[in-house]
Amino acid sequence: MDITEASESPIRTLRSAVDTMLTVEAANLSEAELPGFLLRMRREMDRLEAGFADVVTAAHRRGSLTVDGYQSTDAWLRWQAGMRTADVRGAIDACEVGELLPETRIAWRDGTITSGAMRAITRARVEGFDAELQASEADFLAVAKRKDMWSLGRMTAHFRACAQRDGKLPPDRSGLRAAIVGDGLVLDAEIRGLKGETIYRVLQAFTDPPAPDDDRTHAERRADALYRICRVAMEAGVDANMASLSAAVVIDWSTLLDQLNRRHAPHSPAATVDLTGRMDGGFIGPLDVAEVETMLCNSPISRVVTGPNSEPIDVGRAQRIFPAAIRRAIVTRDQHCRWPGCEKPPGWCEAHHTKAWEEGGDSSVEVGVLLCSRHHHF
């Protein structure tokens with residue numbers, strides 16, 4: 001990678017300044033010093049992000065990063081800098097809007113407005129309406145300088161809604177990216193208009209309110225709400241023209257039984273863990289035994305049981321452990337979560353085996369009981 005003295009010198013200066021800043025111990029700052037230091041630090045970070053947006057856009061336009069087999073600028077930065085695609089595209093989009101709105105670009109570069117404000121203004125852009133966006137620059141910039149992000153977001157949405165006066169909807173730039181990272185699913189979404197309103201309203205409805213005995217964070221409660229929504233969708237089934245929904249898990253039967261014994265007899269003498277044994281989801285990979293128990297309890301399951309050499313020895317067909325009719329009977333009887341003191345409605349609940357599936361429990365009304373997701377896992 002060729003770097004001339006002219007381009008390396010500013011980087012050395014920046015590195016030296018960052019080294020100096022990092023010598024400051026936050027714990028040693030007084031109560032009076034801390035807020036000001038924090039804001040000034042954030043301002044310089046915003047200014048640096050403005051500069052980065054210019055550089056990455058120049059590289060993108062020249063195709064400088066589509067080398068050595070990389071297909072795009074964001075692919076290069078994902079590999080070389082560990083950046084998310086959304087952040088790369090956001091930087092390029094913000095730079096392009098800054099070229100349309102020169103006063104806004106100057107304000108970003110000198111720290112008068114934040115990177116968040118610049119991203120909000122960038123979201124106002126609608127294809128074919130750059131002239132209207134330029135005419136509205138002063139209005140957007142005034143609100144951005146006040147750091148009133150709520151009002152700025154409303155203005156952005158209003159501009160987009162009014163942009164096409166012929167009654168046509170502006171192009172829908174909504175997007176949701178889903179990626180498996182390690183042993184988890186990472187979601188990154190920006191969903192606008194009626195789609196966003198609908199999704200947010202449903203998330204609100206399914207999210208548990210804070211409670212004194214609930215130590216989950218708001219983000220954790222939201223994640224549980226999304227999981228619950230997906231479970232309801234699985235219970236409801238899908239259109240006849242689509243494949244039925246099912247949860248899939250590949251299980252080495254001996255591994256499952258060993259883990260169940262460990263789970264239910266935690267104080268028994270520890271045995272060597274078989275690291276090659278599989279209890280894998282179709283996408284995520286290794287699953288915790290408690291999650292597998294939940295899956296076996298009340299999910300439509302497609303099972304693949306494997307022998308000692310990981311060769312499939314039995315492939316079951318997808319089946320609903322609690323059929324819809326049985327679940328309806330359980331709902332009619334129980335009305336709500338049956339955990340003492342809990343009255344979560346049926347839509348938030350799962351049908352639980354009072355006698356575990358792996359212990360021979362069947363899928364009858366007598367064995368089933370309605371429990372909300374939290375108490376089911378408990």
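Heavy-atom basis, side chains included; hydrogens, waters and symmetry copies ignored. Predicted model, so just to flag it, every value in this text is computed and none were measured.
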Do Trp76 and Phe52 share a hydrophobic cluster, counting only Ile, Leu, Val, Met, Phe, Trp and Tyr and linking them when any side-chain heavy atoms are less than 4.5 Å apart?
yes
Taking the side chain as every heavy atom from C-beta outward, state whether Met155 and Asp139 have any atom pair closer than 4.5 Å.
yes
Considering all heavy atoms of both residues, which atom of Met149 and which atom of Ala120 are nearest to each other, and what is their separation?
CE-CB, 4.4 Å
Distance from Asp130 atom CG to Leu101 atom CG, nearest 0.5 Å?
8.5 Å
Is the side chain of Gln134 donor-acceptor paired with the backbone N or O of Leu100 at a distance under 3.5 Å, no angle test?
yes
Run the side-chain hydrogen bond (donor to acceptor under 3.5 Å, both in side chains) test on Thr85 and Arg78 for me, step by step, so that the C-alpha distance in whole Å, both residues' side-chain angles and the decisive distance to 0.1 Å come before the verdict.
CA-CA 7 Å; Thr85 297; Arg78 275 202 313 271; 2.8 Å; yes
Quick check: is Val24 connected to Leu38 through a chain of hydrophobic side chains (ILVMFWY, heavy atoms under 4.5 Å apart)?
no
Establish whether Leu176 and Leu226 are linked, either directly or via other cluster members, by ILVMFWY side-chain heavy-atom contacts under 4.5 Å.
yes
Could you check whether the rings of Phe159 and Phe140 sit parallel, tilted or perpendicular, using 30° and 60° as the cut-offs?
perpendicular
Please determine whether the number of non-hydrogen atoms from other residues, nucleotides or ligands lying under 6.0 Å from atom OH of Tyr200 exceeds 12.
no
When you measure from the side chain of Thr156 to the backbone of Arg123, do you find a donor-acceptor pair of N or O atoms at a distance under 3.5 Å?
no
Minimum heavy-atom separation for Glu220 and Asp215, please, with both atom names.
OE1-O, 4.3 Å
Let me check something: do Val18 and Phe37 share a hydrophobic cluster, defined by ILVMFWY side-chain heavy atoms less than 4.5 Å apart, either directly or through other members?
yes
Looking only at heavy atoms, what is the nearest atom pair of Cys337 and Cys372, with distance?
SG-N, 3.3 Å
Using modelled atom types only, decide if a donor and an acceptor are shared between the side chain of Arg119 and the backbone of Ala94 within a distance under 3.5 Å.
no
Who are the side chain to side chain contact (heavy atoms under 4.5 Å, CB included) partners of Leu77, not counting sequence neighbours?
Val56, Leu65, Thr73, Ala81, Met83, Val88
Take Ser115 and Asp46 through the side-chain hydrogen bond (donor to acceptor under 3.5 Å, both in side chains) test and state the conclusion after the steps.
CA-CA 5 Å; Ser115 297; Asp46 287 332; 3.0 Å; yes
Kindly say whether Leu370 contributes a backbone atom to a donor-acceptor pair with the side chain of Asp334 at under 3.5 angstrom?
yes
Shortest non-hydrogen pair, Leu34 vs Leu29, comes out as CD1-CD1, 3.6 Å
Does the Glu137 side chain pair with the main chain of Thr104, one donor and one acceptor, at a distance under 3.5 Å?
yes
Can you find a heavy atom in the side chain of Arg125 that is under 4.5 Å from one in the side chain of Glu132?
no
Side-chain heavy-atom pair Asp208, Lys344 within 4.5 angstrom cut-off:
yes
List the residues meeting ring-ring contact (aromatic ring centres under 6.0 Å, His included) with His60, not counting sequence neighbours, and say none if there are none.
none
Ser72 side chain to Ala75 backbone, donor-acceptor under 3.5 Å:
yes
Heavy atoms of Arg47 and Gly111 approach each other most closely as CG-N, 3.5 Å
Under 3.5 Å, is there a donor-acceptor pair between the side chain of Glu44 and the main chain of Met41?
no
Of the non-hydrogen atoms in Thr114 and Lys147, which two are nearest, and what is the gap between them?
CG2-CE, 4.2 Å
Side-chain donor or acceptor of Gln204 paired with backbone N/O of Arg201 under 3.5 Å:
no
Is Ser16 reaching over with its side chain to a backbone N or O of Arg12, donor-acceptor style, under 3.5 angstrom?
no
Grouping I, L, V, M, F, W and Y whenever their side-chain heavy atoms are under 4.5 Å apart, do Leu133 and Ile106 come out in a common cluster?
no
Residue Arg333 excluded, over 12 heavy atoms near CZ under 6.0 Å:
yes
Has the side chain of Arg105 got a donor or acceptor atom that lies under 3.5 Å from a matching backbone atom of Glu99?
no
